[in-house]
Amino acid sequence: MESYDVLVIDDEEVIIDFMLKIGDAEKYFIDTALTGQEGLDKLINGKYKLVICDLILPDMDGFDIISKSVKENVTTPIIVSTGYSTIENAIKAMNSGAIDFLPKPFTYDEIVCCIRKGLRYSSILYHHHANHEKNRKDEMSFIPCPPSYYRFGLSSWVKIESDGIVITGLTDLMLRTIESVDAVNTLDIEQEVFQGKEYMSIDCPLGLDHKVLSPVSGKILEVNRNIIEDSKLVEKDPFFDGWVYKILPGNLTNEIQNLMSCSTDRV
Amino acid sequence: MKVFKSLGIKLIIAISVTVVVIMGVYAVFNVTSQNDVLIEEVKRHANQLSETIKNSTKDDMLVNRRDRILKMINQIAEEPSIKRIRILNKLGDIVYSNDYSEIGTKFQESAEICIVCHAQEEPLKEIEYSDRFRIYQETPDSSRILGIINPIFNEKSCSVSDCHAHNPDKIFLGVLDISVGLDKIDQQLSYTEFQIIFLTIISIVIFGLIIYIFLKRWVFNPIKDLIVATNNVASGNLNYKINSSSIDELGQLSTSFDSMTQKLSEMKLQIFQSEKMASLGQLAAGVAHEINNPLTGVLTYSSYLLKRAKDNPELQNDLNVIVRETKRSRDIVKQLLDFSRQSLPKKIKTNINQIIERVISMVNNQLKVKKINLKMQLKEDLPEITVDPNQIQQVILNLTVNAIDASKNENPEIKFITDISTLPAFGNVQIENAQCPNGHNLIDDSYKVDGLPGIKLLCRDGERTGYLFLSTIYGSKNHRFELNKFDLSTVELLCPVCNVSMYNESEKCPQCGSSCYELKVPGKGTVVGCIKNETNFQKWKYMDEKGESDYIVIKIQDNGSGIPTEVLHKIFDPFFSTKGQKGTGLGLSVVWGIIQNHKGRVEVQSRLNEGTTFTIRLPINNNGW
């Protein structure tokens with residue numbers, strides 16, 4: 001059986017063709033599926049490092065594919081990509097277990113950056129599980145979230161302070177999926193941020209940048225100046241000194257449903 | 001007949017019948033008692049007269065001077081009311097009478113005059129005072145006559161008299177019978193009867209008029225207003241208001257009718273808004289998905305080409321244009337999606353004057369074609385504020401296009417003014433977040449107050465429960481009760497989630513001294529207030545200490561056709577348009593939504609045929625209050 005890097009599930013021929021071109025240019029093995037059912041069959045029976053899945057397909061939607069693949073114990077990470085890129089869909093995708101959300105239309109650089117990140121994530125997870133099986137806890141491939149934290153998708157963490165203010169930052173897992181951090185671009189204080197909407201970006205080598213979605217809605221009270229001055233601090237201590245924003249949450253009571261407690265899951 | 005179906009006529013008929021019955025009973029009672037009194041008086045008089053005649057003829061009787069007796073009787077009978085005076089002997093023979101022709105005739109025992117004593121076999125020895133009188137008519141048409149009989153008893157002097165001694169064993173000697181005409185009394189009684197009937201008729205008319213006037217004022221007019229209002233509401237005009245100032249039951253009915261229609265219209269507006277958003281959202285979702293797919297093809301291939309054309313600067317420039325413009329299209333579609341989802345503005349530091357200038361450059365052509373005189377009064381060094389420049393541009397563009405459409409043929413003019421103004425927090429700032437003491441969110445979207453989500457509190461008054469929605473505008477008095485009106489002095493305010501009391505016993509209302517409710521505003525202290533009196537006291541120490549806040553004021557003035565007052569309150573409603581088929585009716589509702597999202601205010605002043613001014617206020621400090 002052939003081993004592919006990426007499975008692309010999309011009903012648009014143009015996108016399928018283009019993904020194959022990227023495969024040629026960037027040396028990825030790419031397999032494609034035009035319908036949800038075909039994609040699901042390939043995913044369950046084949047061996048892929050990463051799946052890029054359209055949200056709206058003729059026979060089912062992307063969320064169905066994620067939930068069905070989870071049922072079949074498929075651990076392949078899935079990236080959701082859609083032309084219907086609302087905040088609600090972004091949040092829903094993150095909540096259902098997708099590792100990333102890529103709005104269409106995208107540029108060549110954006111999709112390549114996304115695939116690269118996904119593949120790195122896939123290999124980190126593979127090593128993590130391998131270590132886990134061999135019971136070598138000392139050789140962890142990434143530092144998990146502290147148990148009192150919450151996470152939004154895989155990339156952001158939220159810590160709720162006693163005074164109702166929240167501190168947010170980037171997970172170690174997310175930082176390991178991007179090669180290295182050249183600079184972080186943040187919003188100014190007093191700006192409003194919304195759950196599921198981009199609230200910072202990270203510059204990486206090769207001119208690629210990664211967008212990070214805000215885990216909560218609210219107003220930015222404070223930005224960690226230290227990480228802007230020394231972007232490596234984020235990588236060194238992502239959960240404590242490398243925090244990004246202090247945010248006054250606007251609707252935490254409802255939004256906490258979209259966050260996952262790190263005490264119950266140790267991804 | 002329709003007129004008898006009117007409530008007024010029915011009430012008046014009922015009242016007239018009541019008056020007639022009351023007056024009738026009164027009249028019967030009055031006439032009978034008057035009759036009794038008068039008859040009694042006549043009887044007394046007649047009795048006195050008969051005693052007088054009896055006594056004054058006694059001496060002549062004793063000496064048997066018949067001529068003198070007859071003469072006396074005749075003289076007395078000249079009095080017009082006295083019809084007849086006669087004296088009968090024990091056998092019923094008329095011995096004396098003023099009517100000579102009667103003298104010598106005889107009454108039978110069965111005659112009316114005799115029957116008093118001779119009804120039984122054994123004649124009575126004495127006659128009671130009340131039995132002496134009888135009232136009769138000679139013929140059915142003639143007037144009534146009162147008859148009195150006075151028995152003449154045998155006395156000692158009679159039996160020892162010289163001329164004719166009566167047997168001393170006899171008790172009775174004869175009867176003096178006098179008849180008195182009652183025609184005067186009957187006349188007086190019939191006059192009284194006439195008076196009472198006349199009075200009754202006058203009373204009915206006056207009663208009817210007075211009651212009709214008051215009924216009209218207090219009942220018919222309010223009912224008529226209610227009918228007009230109901231018909232208006234039934235035909236779809238939910239903005240119709242009765243505005244009754246009365247506090248009686250009908251006034252209360254009118255007030256609750258007004259609040260019902262207001263609630264209805266708010267609900268309708270919300271349904272309208274959500275339906276519009278739902279359909280627009282579906283449309284946008286479809287469009288976004290359909291357009292994004294081909295755009296993905298364009299963007300991916302062009303960016304791929306751009307990568308491959310690294311060595312060809314000329315080609316790279318052209319490809320850059322394609323990539324840039326495709327990205328622009330992507331942003332437009334994204335905006336469409338964001339708008340349809342009413343997603344939140346993307347705010348950056350913006351100079352409002354620049355936006356106005358950009359809008360003017362967009363409509364410059366139209367201004368020239370319509371020969372509109374443009375006036376600018378923009379404040380220099382206007383501070384930059386954090387807004388979504390695209391959305392604010394859309395607001396100003398919508399208002400400018402409206403101003404152009406409203407322009408008239410003579411000297412049309414549009415004026416843009418920007419300025420800074422300072423307003424206090426009270427009455428202006430919005431409470432964006434409110435929590436109960438246990439930290440539950442109280443802001444509720446289901447019911448809008450002042451066009452914004454309200455603060456929902458559970459009311460409990462004994463067994464009754466309901467909800468109170470406080471306005472989120474600090475200092476606003478537009479608090480609404482859902483369903484029930486509560487007794488404000490005893491109602492409990494509770495958190496709808498955990499039922500904890502919202503009252504803080506240590507905070508007292510300065511107006512009425514009772515405990516205030518307290519809302520926790522995370523990061524911004526607490527809002528305390530009182531609902532127990534009309535003043536709706538509210539205090540937000542945190543905001544008050546921040547003092548007044550600065551606003552940027554944008555005014556767009558035209559001297560065009562103006563907006564009729566009766567539709568002025570509707571202009572921000574979705575689908576309301578004065579442009580007929582030309583407009584979608586969404587422009588000003590979009591303006592409203594955007595300014596709301598920026599925590600600003602938009603107001604309109606307009607005079608028909610004189611022009612319209614839209615005033616927008618945007619907070620300068622986002623921390624703003």
Side-chain angles (χ1 to χ4, degrees), chain A residues 10-19 21-22 24-26 54-56 81-89 102-112 163-166 187-198 207 217-221 246-255, chain B residues 281 284-308 323-324 326-327 329-331 333-334 337-338 340-341 343-349 386 388 432-433 435 439-443 445 497 520-524 597-599 621-624:
Chain A
D10 203 312
D11 57 332
E12 278 286 314
E13 300 262 7
V14 183
I15 289 160
I16 296 286
D17 287 348
F18 179 70
M19 297 308 265
K21 274 197 162 40
I22 287 182
D24 284 345
E26 301 285 328
D54 192 12
L55 204 52
I56 299 166
S81 170
T82 179
Y84 190 24
S85 55
T86 59
I87 291 181
E88 290 85 343
N89 277 342
L102 181 68
K104 277 182 194 171
F106 40 72
T107 62
Y108 183 89
D109 286 344
E110 282 164 356
I111 183 71
V112 167
D163 55 3
I165 289 167
V166 300
L187 299 174
D188 291 332
I189 56 168
E190 299 297 348
Q191 293 230 40
E192 303 259 353
V193 294
F194 304 101
Q195 189 178 48
K197 221 171 168 164
E198 182 192 333
S217 303
K219 191 186 281 181
I220 299 173
L221 295 177
K246 278 188 181 162
I247 293 173
L248 179 65
N251 188 12
L252 195 60
T253 336
N254 290 332
E255 288 181 349
Chain B
V287 169
H289 193 236
E290 290 310 311
I291 290 183
N292 272 342
N293 274 333
L295 270 187
T296 310
V298 178
L299 189 57
T300 45
Y301 275 89
S302 56
S303 57
Y304 181 45
L305 267 181
L306 186 64
K307 265 216 139 32
R308 284 170 52 183
V323 170
R324 196 186 64 216
T326 318
K327 276 184 177 170
S329 312
R330 170 172 80 172
D331 289 345
V333 175
K334 179 105 187 99
L337 259 181
D338 282 358
S340 69
R341 296 259 119 194
S343 48
L344 298 134
K346 192 176 174 183
K347 295 176 181 175
I348 54 170
K349 290 258 176 205
T386 313
D388 185 321
E432 289 166 45
N433 204 340
Q435 294 180 351
H440 294 112
N441 181 33
L442 300 171
I443 303 282
D445 259 330
V497 184
K520 245 171 63 181
V521 185
K524 290 181 183 174
N597 273 341
H598 284 82
K599 300 187 182 78
N621 296 317
N622 209 11
N623 55 340

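All heavy atoms count here, side chains included; hydrogens, waters and symmetry mates do not.
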Parallel, tilted or perpendicular: ring planes of B:Tyr304 versus A:Phe18, cut at 30 and 60 degrees: perpendicular

Residue pair A:Tyr108 / B:Val323, side-chain heavy-atom distance below 4.5 Å: no

Result of checking B:Thr326, B:Leu306, B:Leu299 against A:Thr107 for side chain to side chain contact (heavy atoms under 4.5 Å, CB included): B:Leu299

A:Glu13 atom CD, neighbour heavy-atom count above 12 within 6.0 Å: no

Chain B contact via A:Pro249 - side chain, backbone, both or neither, heavy atoms under 4.5 Å: backbone

Interchain contact, A:Asp188 with chain B, by part (heavy-atom threshold 4.5 Å): neither

Region of A:Ile15 in contact with chain B, defined by heavy-atom distances below 4.5 Å: side chain

Electrostatic pair A:Glu110-B:Arg330, nearest N-O below 4.0 angstrom: yes

4.5 Å side-chain heavy-atom contact, A:Lys104 and B:Asn293: yes

From CD (A:Glu12) to OG1 (B:Thr300), nearest 0.5 Å: 10.5 Å

